[in-house]
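To keep things clear, I will list the structure first and then write my remarks on it.
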Amino acid sequence: MTVACEKESIQELQDEFVRDFNEIGDWMFQYSSLLELIPDMKPVLPEEKNDETLIHGCQAKLWVVTEYDRETNLVSVRADSDALIVKGIVAVIIALFDERHPEEICEAKIDFLERTPLREQISTDRFRGMQMVIGRIREFAEKSGCNT
């Protein structure tokens with residue numbers, strides 16, 4: 001007999017990331033742990049790297065591709081960047097938001113940057129860029145079916 005297992009909530013995953021990341025302690029090991037998330041990211045195709053998917057105002061080149069599947073009512077998120085630290089942080093954002101219902105995305109409070117040393121380790125422009133990524137995904141989710 002197989003028991004269906006519910007996917008962890010965005011908040012549960014975020015809390016787990018914050019706890020695990022903060023336990024690492026040393027910034028170089030934390031940085032390495034972010035880089036380890038990159039291979040799990042779904043690729044952004046070269047033709048998808050365009051002005052529409054580019055996050056303007058981010059210090060690095062950063063593209064975010066969002067899609068909505070009406071059959072499953074799930075939002076999928078893919079991203080790529082030319083800066084490894086940005087790509088690692090975006091990998092966390094994607095892990096939180098990918099394959100989620102629009103309502104889950106709209107209701108989520110994403111604050112892992114503020115709850116970890118990441119906020120102090122990245123520039124204000126990069127922090128703003130990460131907020132723009134979260135905002136773009138939220139905006140897409142709202143258009144895709146949030147009831148809020």
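Keep in mind the model is a prediction, meaning the values are calculated, not measured.
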Legend entry - Sub-4.5 Å side-chain heavy-atom contact between P102 and N73: yes
Legend entry - Side-chain donor/acceptor of Q121 to backbone N/O of T116, under 3.5 Å: no
Inset, instruction - Could you check if a side-chain atom of L13 sits within less than 4.5 angstrom of a side-chain atom of F17, using non-hydrogen atoms only? - result: no
Legend entry - E52 atom CD, over 12 foreign heavy atoms within 6.0 Å: no
Inset, instruction - For residues D98 and K42, determine if any side-chain heavy atom of one lies less than 4.5 Å from a side-chain heavy atom of the other. - result: yes
Inset, instruction - Considering only Ile, Leu, Val, Met, Phe, Trp and Tyr, and joining two whenever side-chain heavy atoms are under 4.5 Å apart, list the other residues clustered with L54. - result: W63
Inset, instruction - Answer whether the closest heavy-atom distance between the side chains of K61 and K49 falls below 4.5 Å. - result: no
Inset, instruction - Please check if I94 and I134 belong to a single hydrophobic cluster, counting links between Ile, Leu, Val, Met, Phe, Trp and Tyr side chain heavy atoms closer than 4.5 Å. - result: yes
Inset, instruction - Look at atom CD of E71 and say whether more than 12 heavy atoms of other residues, nucleotides or ligands are closer to it than 6.0 Å. - result: no
Inset, instruction - Would you indicate whether the side-chain heavy atoms of T66 and F97 approach each other to under 4.5 Å? - result: no
Inset, instruction - Could you tell me whether the side chain of I137 reaches within less than 4.5 Å of the side chain of I93, counting heavy atoms only? - result: yes
Inset, instruction - Ignoring hydrogens and angles, tell me if any N or O in the side chain of D15 forms a donor-acceptor pair with the backbone of V18 under 3.5 Å. - result: no
